[in-house]
Peer 1: 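One structure coming up, written as structure tokens, with questions to follow.
Only this structure's heavy atoms are used, side chains among them; waters, hydrogens and symmetry mates stay out. Everything numeric in this text was worked out from a predicted model, so none of it was measured. Ligands are counted one by one from 1 in listed order, and the atoms in each one are counted from 1 as well. This chain uses plain numbering: 1 for the first residue, then up along the sequence.
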Amino acid sequence: MSLLVKNGRIITAADDYHADIFVEQDTVTLIGRNLEVEADQVLDARGKYVFPGGIDPHTHLDMPFGGTVSADDFETGTRAAAHGGTTTIIDFAIQTRGHSSLEALETWHAKANGKTAIDYGFHMIVTDVEGDRLGEMKTLADEGITSFKLFTAYPGVLYVDDGTLFRVMRQAGENGTLICMHAENGIVIDELVKLALAEGKTEPKWHALTRPTLMEAEAVHRVTAIAEQAQAPVYIVHLSSADALRELIRARQRGVRAFAETCTQYLFLDYSCYEQEGFEGAKYVMSPPLREKWNQDELWRGLILGDLQAVSTDHCPFNFKDQKTLGLDDFTKIPNGGPGLENRMTMVYHGGVGQGRFSLNKFVEVTSTAAAKMFGMFPRKGTIAVGSDADLVIFDPRRKETISVNNPHTHHMNVDYSAYEGFEVEGFPETVVARGKIIIRDCEYVGSKGDGQYIKRGYFSGL
Ligand code: URP
Ligand code: ZN
Ligand code: ZN
């Protein structure tokens, strides 16, 4: 099969030019002006941008959490991602205490294999270092799992102590792999939670009020210092606040290989979401929580200046009606996480390029290229070049949509609310090609379950 994408304005993290793109099977084989080639299919991208497919390096599909399971599985979640212009995700497999991480990998392969609309990889969450867990890290890396997530949050569940952290980091550094950190001081947060509950403070907003930015900043400071000692590169996931960013920048300034992503929700939503009537705030219960609005400007600045490298979603949706309500009488029982996988590209384009904060190249960098480089997929993914996978988004910069659970163009996630209900965006992905196959055509899904493949990622090589 061959495909010709004609007349588009091709934008990568480095380039901006008009040309045609010729694709054979799943690979870009020729780029040039007015290409005279025969193709099985032709797409006309005149007046549109052609971006590399979006890469979301932080999703939780079909993930057990707090006595329930995230509402999107690998079929529904990746289809929604495709609608939104994302053609690769990296999801998190979870090694549980006392069990092998190789067993966890098998479980996550079974969840995803044959179900996805787009390509996918896995990070491995490590919860203990018993048995041969450290040895398994190299086996996993050879299987394409070249990044490992650890938590200083959620004591008793996913939390690891500093000694464990150090040992896993040292091993990761030796193996040439990357550590991803959920950085919040879960031990102190648990004390704050106890104090709140003892005073009868059970509403959703107390989730945010017991997870202050200072406890995120403290954890960023600690984990970057431990990474420095262990000589391992570290990537802070879902960084949410100016306080935490300040600690990240301090580490970077003294030469620590410290990187970070923020998420769409921290750029657009804020603490006031928790002050809504009734139980509405539960829709935004996630960790870290949404912050005071002024933090948003600092996060945008972090992206502009390059201290934050990427925007992910931490997509971890739970239905409002029958999942978030598990915590109706106690905010600690509300499953943590929210939806957004489908909305990231259009939101970041709108807030970044549309509102004049950064260039088209920067948009591609933070939504695709940086993640490809950081997580061992570049230049196969994250750019448009001869030899790269033909993951392409034909994006209409003038198309306006109002994001809503009721808008058939903006909501395909398997969850009963939108975190961005009523947001008006200008600039929208219309047609999406994943490894050479058109899977979204004029906002309609035309792909098949199982189009996506597991991506065996390479070792960490920096940005
Ligand atoms: O609230 C969140 N972020 N849920 C997903 C799990 C995690 O910590 O990333
Ligand atoms: Zn996390
Ligand atoms: Zn997460």
Peer 1: Have a look at K149, M286, Q265 and point out the one with the heavy atom closest to atom 7 (C) of ligand 1.
Peer 2: K149
Peer 1: Taking all heavy atoms of C316 and all of M63, pick out the closest pair and write down the distance.
Peer 2: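 In this case the closest contact between C316 and M63 is SG-CE, 3.9 Å.
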Peer 1: Once the angle between the rings of F428 and H409 is folded into 0 to 90°, is it parallel (under 30°), tilted (30 to 60°) or perpendicular (over 60°)?
Peer 2: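 If you compare the ring of F428 with that of H409, the planes turn out tilted.
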Peer 1: Any luck finding a side-chain donor-acceptor pair between D73 and T76 under 3.5 Å?
Peer 2: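 There is such a pair between these side chains.
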Peer 1: Has H238 got an N, O or S atom lying less than 2.8 Å from the Zn ion (ligand 3)?
Peer 2: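 Looking at H238, which is the residue asked about, there is no N, O or S atom under 2.8 Å from the Zn ion (ligand 3).
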Peer 1: Return the orientation label for the Y235 and F375 ring planes: parallel under 30°, perpendicular over 60°, tilted otherwise.
Peer 2: perpendicular
Peer 1: For atom 3 (N) of ligand 1, what is the closest protein heavy atom, and at what distance to 0.1 Å?
Peer 2: D314 OD2, 2.6 Å
Peer 1: Where on F92 is there a heavy atom closer than 4.0 Å to ligand 1, on the side chain, on the backbone, on both, or on neither?
Peer 2: neither
Peer 1: Answer yes or no: is there a donor N or O on one side and an acceptor on the other, between the side chain of W108 and the main chain of F122, under 3.5 Å?
Peer 2: no
Peer 1: Any salt bridge between D162 and R222, counting N to O under 4.0 Å?
Peer 2: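 A salt bridge is present here (some side-chain N lies under 4.0 Å from a carboxylate O).
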Peer 1: Can you sort out which atoms of ligand 1 are near H60, meaning under 4.0 Å from one of its heavy atoms?
Peer 2: 5 (C), 6 (C), 7 (C), 9 (O)
Peer 1: Looking at F318, I'd like to know if the NZ or CZ of K324 sits under 6.0 Å from its six-membered ring centre while staying within 45 degrees of the ring's axis.
Peer 2: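 Here K324 fails the 6.0 Å and 45° test against F318.
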Peer 1: Is it true that some N/O/S atom of K149, main chain or side chain, lies under 2.8 Å from the Zn ion (ligand 2)?
Peer 2: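 K149 does place an N, O or S atom closer than 2.8 Å to the Zn ion (ligand 2).
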Peer 1: Quick one: do the T213 and R291 side chains pair a donor with an acceptor below 3.5 Å?
Peer 2: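 On atom types as modelled, these side chains do not qualify, holding no pair under 3.5 Å.
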Peer 1: Going by the atom numbers of ligand 1, which of them fall below 4.0 Å from some non-hydrogen atom of F151?
Peer 2: 8 (O)
Peer 1: Looking at R79 and A117, would you say the former's side chain and the latter's main chain have a donor-acceptor pair under 3.5 Å?
Peer 2: no
Peer 1: Tell me, which N, O or S atom in D314 is closest to the Zn ion (ligand 3)?
Peer 2: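 Of all N, O or S atoms belonging to D314, OD1 is the one nearest the Zn ion (ligand 3).
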Peer 1: If you check every N/O/S atom of H182, which is the one nearest the Zn ion (ligand 2)?
Peer 2: ND1
Peer 1: Counting backbone and side chain alike, does H58 bring an N/O/S atom below 2.8 Å of the Zn ion (ligand 3)?
Peer 2: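 Checking the Zn ion (ligand 3) against H58, an N, O or S atom does fall under 2.8 Å.
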Peer 1: Heavy-atom pairs closer than 4.0 Å: do any link ligand 1 to the side chain of N336, the backbone, both, or neither?
Peer 2: both
Peer 1: List the closest protein heavy-atom neighbour of atom 1 (O) of ligand 1: residue, atom name, distance to the nearest 0.1 Å.
Peer 2: S287 N, 2.8 Å
Peer 1: Can you list the atoms of ligand 1 that are under 4.0 Å from a heavy atom of H238?
Peer 2: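 Checking each atom against H238, I get 8 (O), 9 (O).
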